[in-house]
There are 2 protein chains.
Amino acid sequence: MTRKSQDANGSTIRDVAARAGVSASTVSRVLGGDYPVSTATRTRVLRAVRELDYVADARAKAVAGVGTPTLAFVLEDITGPSFALMAHGVEREATRLGHLCLVCSTEGDVQRELDFIETMRAQRTAAVILVGGTADTPEYRERTRRIADSLASAGSRLVLCGRPPLGPGAPVTVIEYDNEGGAYALVAHVLAQGHQRVLFLGGKPDHATAQGRERGYLAAHRARGLDPDPELLLHGDFTRDSGHRLMRLALSKELEFTAVVAATDMVAAGALTALHEAGLDVPGDVSLAGYDDIPFARDLYPALTTVHVPYEELGRLAVRTALGRTAESPDEHLLLGTHVVVRDSIAAVTS
Amino acid sequence: MTRKSQDANGSTIRDVAARAGVSASTVSRVLGGDYPVSTATRTRVLRAVRELDYVADARAKAVAGVGTPTLAFVLEDITGPSFALMAHGVEREATRLGHLCLVCSTEGDVQRELDFIETMRAQRTAAVILVGGTADTPEYRERTRRIADSLASAGSRLVLCGRPPLGPGAPVTVIEYDNEGGAYALVAHVLAQGHQRVLFLGGKPDHATAQGRERGYLAAHRARGLDPDPELLLHGDFTRDSGHRLMRLALSKELEFTAVVAATDMVAAGALTALHEAGLDVPGDVSLAGYDDIPFARDLYPALTTVHVPYEELGRLAVRTALGRTAESPDEHLLLGTHVVVRDSIAAVTS
DNA sequence: CTGAAAGCGCTAACAC
DNA sequence: GTGTTAGCGCTTTCAG
């Protein structure tokens, strides 16, 4: 074969041009849209396009400066309900704004996260959205800031979603929601029902999100003049299994408590099952609350009282503000509100 | 400014070359890996790269024939637990195989699905994985077949995941799991517990997956010489709300049944809540089963008996077989097995 | 070992 | 209106 044509690599604009008996530019023009082309040629070109089943190579267009913009979404695991919700928001808004959407799961591996970001920089994505909490260490800030600069100098943009901000001056967009405030409100509600000893099933001790929620728990107690028993503060991670394990642990240690608030709904789900397995009634014997308001929360039994986080909107906002950035406009920092949604898993203490 | 250099568009290979005092080809070579380059120049180039924070433009590389391969994952809504599981499998395997992963949510819109696929063809993705059931109409087969051909002639590949196959000769890879078999086994198990009237909360009447599960339900009855009351066959969709609504409907119509099997775990979740709201005990008053074995199934109360579908593996397999395709090798059609997982939501009838 | 030149597929001046 | 000529940023012969 002399030249590439109908083979497995798809046809090029030149193939179309040849078949229609015109130049490549003409093809480009009729496909490009608004440009004066005679009806006759236009028809011929269009026919050739159809016959060859031609679509312009998006990568080549990109190099030529007219590519489909793309944005990247980097998270730990798409399987988590709140991550999925955010991903959904991101994806919806991205396609609404005409962007393609790359996803990358890091599985919690920092190195992989770094690699992904570098790859995205190579892809010249319009923005990379980094999702999910981590430890807020100096090392984290420095590393992330370097990434932000790198991305910015390449005309891209870093968005931090539910991640610790980097301090002033970093070219990032950060969108957070109020972990401490939400936890405060929730725990205040629990305390208002008369509970005095409420077990807290927390996340990793150095995880920023976990810390925020824990602070809220503590603050709500103090506001009532209470000083929570340190024994009631358990640490694990944000998974269902962690909740299950921690709850069993608390039960086996015969810790005293009348209510438990879990750092996430997933944790709460695991805890709830552990409670059921132990033959305890919720909220009869012990009250329970979660955090996140994932869709499943209302189908737990009893329906879970929790705090609502607008995850999907978070995702939408992330892309909207990221894409709305001009080189001159100031970096944004949004703090979304949360609110507790009262369902059936908290009861007033009667005794 | 005369030439682009350090500006917001990132530096090019020529900038690096200039700074290192070599030609672009040399830069390309040291970055490219195995090619003889003197240690001295290599060092200079590498330093320039570092100083400029340079990364080669992946799109340009792609045009030049050495791009990062990419694959696309098209689904209805990443928010559904089983979709998320598949997406996770796809993403993991894709990155394991060095591919980038594009996601597209169609929101159930056929036109959007078509548009996405066209876009993916333009992106020259190595494969596009289409996920989730639909109606198996002639129109569907024809349309999809056209897509498959189109993709194939462009050197790409269509993968159907949990979707009706297209008949012989179509250049597609299809990976399914046994809906009918799984439902059969599940319903047989329910029947074996002595239930005679089991309500079926189905999906859309023309949805292939829903039909498969319904067939299994019917077949299991017939195998026992039973002829299920048509009144017991309700149709909705695969959402939690559908389950909730249908269950309330069944209750209000005072349909007679001692067990209910839902077409999906989501449907079961909604149904369960409706049952609880009606003050009924599960499985004391009525038994319940689902389908899919989503992670949450075990945290429902009672823990849901359901049929396990290896979604994550499905995703992994999809990319593995799609990418393992050579132009000559035969098209694959995999049928994955399922199995029922017995938990606590089904009780034997005692009366 | 390294540079010049051609080419990937497409678009965008610049002519006629 | 339409063809020709340059690029876009990178890789890869082809010469030295």
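Protein atom CZ of R14(A) is 13 Å distant from nucleotide atom P of dT4(D), rounded to whole Å. Straight-line distance from the CZ atom of R59(B) to the P atom of dC8(D): 14 Å, rounded to whole Å. Between the CG atom of D57(A) and the P atom of dC8(C) there is a distance of 13 Å, rounded to whole Å. Going from atom CG of L31(A) over to atom P of dT11(C) covers 7 Å, rounded to whole Å. Across the protein-nucleic acid pair, R121(A) atom CZ and dG9(D) atom P stand 16 Å apart, rounded to whole Å. In this structure, CG of D15(A) is placed 13 Å from C1' of dC8(C), rounded to the nearest angstrom. Remark: P of dG3(D) and CD1 of I13(A) are 12 Å apart, rounded to the nearest angstrom.
A sub-4.0 Å separation between OP1 or OP2 of dT11(D) and a side-chain N or O of K61(B) is present. The side chain of Y35(A) places no N or O atom within less than 4.0 Å of a non-bridging phosphate oxygen (OP1 or OP2) of dA13(C). At least one side-chain nitrogen or oxygen of S38(A) sits closer than 4.0 Å to the OP1 or OP2 atom of dT2(D). Within the 4.0 Å cut-off from OP1 or OP2 of dG3(C), at least one side-chain nitrogen or oxygen of S23(B) is found. OP1 or OP2 of dG3(D) lies within a sub-4.0 Å distance of a side-chain N or O belonging to T26(A).
Side chains of E176(B) and H333(B): a donor-acceptor N/O pair is present below 3.5 angstrom, by distance only. If you check the side chains of D53(B) and S150(A), you find a donor sitting under 3.5 Å from an acceptor.
Nearest to the side chain of P36(A), among dG1(D), dG9(C), dC10(D), sits dG1(D). Comparing dC8(D), dC10(C), dC1(C) by their closest approach to the side chain of T41(B) singles out dC1(C).
Below the 3.5 angstrom threshold, one finds a donor paired with an acceptor across the side chain of S25(B) and the base of dA4(C).
Comparing A64(A) and S28(B) by the nucleotide of DNA chain D that holds the closest heavy atom to each, the one mapping nearer the 5' end is A64(A). A residue-by-residue look at A60(B) and A40(B) shows that A40(B) has its nearest nucleotide of DNA chain C further toward the 5' end.
Within 4.0 Å of R29(A), counting heavy atoms only, lies at least one base atom of the nucleic acid. Within the nucleic acid shown, V22(A) comes within 4.0 Å of sugar-phosphate atoms alone, with no base atom in reach, counting heavy atoms only.
Taking a cutoff of 4.0 Å between a charged side-chain nitrogen and a carboxylate oxygen, E91(B) and R112(A) do not qualify as a salt bridge. A salt bridge is absent between E142(B) and R145(B); no separation between the charged side-chain nitrogens and carboxylate oxygens falls under 4.0 Å.
Taking every heavy atom of both residues into account, T79(A) and A84(B) meet most closely at OG1-O, 3.9 Å.
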